[in-house]
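Written below as structure tokens is the structure these notes are about.
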Amino acid sequence: MNSKVKGILTVAGLCVALGIGGFIINTNWQSQPENPKPNTEYAQANHEDSTKATAKENIYTIPSSASLAVDISNPDVLSDMCDGIVLATIDSIDGSNNYSEVSGEYVFPYTYGHITILESYKGNFPIGESVEFYRLGGTISVDQYRAGLSEGELEKLSSLGENSILDNSEWVKRTISGDVEIEEGKTYLMYINPESAYYGKPNTYAIVGLQGGLREVQNANNTRSASDLKVLNNFTNNWEDLSSIIKTE
């Protein structure tokens with residue numbers, strides 16, 4: 001990709017910090033268009049009907065680098081900076097969006113869906129209930145992606161010849177380099193905070209810490225107790241005893 005346009009399409013030097021509702025990504029790399037609220041037809045785009053059913057060649061992936069303010073590979077650091085540590089299963093991935101009802105602005109795309117919290121190791125959360133989650137990174141339509149760009153950025157894309165790539169794509173996938181994708185049906189060790197950046201609804205949670213805050217559980221349905229559980233270290237790709245990471249009793 002042209003180095004100039006790469007600077008436009010990626011969030012170079014992205015600053016990640018913990019905010020009231022979770023890790024906040026500084027997305028002021030792009031100016032906001034006037035009257036930015038999107039049309040209802042893509043404000044809650046259905047994930048299953050879109051990205052899962054779309055051929056990969058129709059998805060244009062734009063990875064972003066991130067300069068992190070905290071060490072997300074350190075479980076103790078994440079524990080100190082989040083309200084909850086839970087074991088939860090992904091019930092559904094319901095969609096993606098790039099608009100915040102809280103701020104009234106376009107934001108870095110995020111994915112949302114439902115999880116069932118199985119165990120809580122920090123904080124008091126509704127065990128056994130399906131609750132809504134939000135997580136940074138997601139796949140949105142090309143039209144929705146373009147709607148979040150200013151006129152100046154659209155003109156730059158056109159002058160650099162990158163509009164043809166978007167014209168030949170149906171979806172734009174925004175990711176943070178090194179992060180892992182969340183998958184339906186899997187159980188994870190999650191670091192969470194009450195969600196306050198996108199909709200601010202009660203009983204909704206942001207999964208924070210990128211790949212440090214979403215760690216897959218091995219054979220979750222076949223273990224008898226928490227002491228038997230192993231979780232994946234996304235930095236070393238090794239399975240570690242849950243008991244070596246957090247207190248399970």
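As a basis for the values below, the full set of heavy atoms in this structure was taken, side chains included, without hydrogen atoms, waters or symmetry mates.
Judged by distance alone, the side chain of D241 and the main-chain N or O of S244 form no donor-acceptor pair under 3.5 Å. Between the side chain of N98 and the backbone N or O of F108, no donor-acceptor pair lies under 3.5 Å. When atom types are taken as modelled, the side chain of S96 and the backbone of T111 share no donor-acceptor pair closer than 3.5 angstrom. Looking at Q218, its side chain never comes within 3.5 Å of a backbone N or O of V231 through a donor-acceptor pair. Side-chain atoms of R215 do not come within 3.5 Å of backbone N or O of L189 as any donor-acceptor pair. Distance alone, capped at 3.5 Å, places no donor-acceptor pair between the S92 side chain and the D94 backbone. Panel note: side chain K122, backbone C82; a donor-acceptor pair is recorded below 3.5 Å. Between the S100 side chain and the V107 main chain, no donor and acceptor come within less than 3.5 Å of each other. A donor-acceptor distance shorter than 3.5 angstrom exists from the side chain of R135 to the backbone of L210, with no hydrogens or angles considered. A donor-acceptor contact shorter than 3.5 Å links the side chain of Y188 to the backbone of E183.
Taken to the nearest 0.5 Å, the CD1 atom of I207 stands 8.0 Å off from the CD1 atom of I192. Rounded to the nearest 0.5 angstrom, E170 CD and T139 OG1 are separated by 11.5 Å. The CD atom of E184 sits 8.5 Å away from the CD1 atom of I90 when rounded to the nearest 0.5 Å. Taking CG of N124 as the start and CG of D83 as the end, the distance is 11.0 Å to the nearest 0.5 Å. One finds the OH atom of Y191 at 10.5 Å from the CG atom of D80 (value rounded to the nearest 0.5 Å). Residue L87 holds its CG atom at 5.5 Å from CG of L118, rounded to the nearest 0.5 Å.
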| message | Under the criterion salt bridge (charged side-chain N to carboxylate O under 4.0 Å, His left out), I'd like the reasoning laid out for E195 against K201: C-alpha separation, chi angles, the key distance, then a yes or no. | response | CA-CA 7 Å; E195 188 279 310; K201 296 183 295 186; over 6 Å; no

| request: List the steps, then state whether side-chain hydrogen bond (donor to acceptor under 3.5 Å, both in side chains) holds for N234 with E216. | output: CA-CA 9 Å; N234 292 309; E216 182 182 347; over 6 Å; no

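If you look at Y60 and Y145, their ring centroids are not closer than 6.0 Å. A distance below 6.0 Å separates the ring centres of Y198 and Y110.
Side-chain heavy atoms closer than 4.5 Å link hydrophobic residues (I, L, V, M, F, W, Y) into clusters, and following such links, possibly through other members, connects L149 to I62. A chain of hydrophobic side-chain contacts below 4.5 Å, direct or via other Ile, Leu, Val, Met, Phe, Trp or Tyr residues, connects V70 to I85. Hydrophobic clustering keeps I245 apart from L232 (ILVMFWY residues linked when any side-chain heavy atoms are closer than 4.5 Å, directly or through intermediates). Tracing side-chain contacts under 4.5 Å through hydrophobic residues (I, L, V, M, F, W, Y), one reaches V208 starting from Y199; they form part of the same cluster.
For the residue pair N203 and Y205, a side-chain donor N or O sits within less than 3.5 Å of a side-chain acceptor on the partner. With hydrogens and angles left out, the side-chain atoms of S141 and D143 include no donor and acceptor closer than 3.5 Å. Using a 3.5 Å distance cut-off with no hydrogens or angles, the side chains of E101 and Y99 do not pair a donor with an acceptor. Judged by distance alone, the side chains of N58 and S169 never bring a donor and an acceptor atom under 3.5 Å apart.
Residues E132 and Y112 form a side-chain contact, since some pair of their non-hydrogen atoms from C-beta on lies under 4.5 Å apart. Side-chain atoms of I115 and T89, non-hydrogen and from C-beta on, never get closer than 4.5 Å to each other. Between P126 and V131, the closest side-chain pair of non-hydrogen atoms falls below 4.5 Å.
E181 and K173 are joined by a salt bridge, as a carboxylate oxygen and a charged side-chain nitrogen come within less than 4.0 angstrom of each other.
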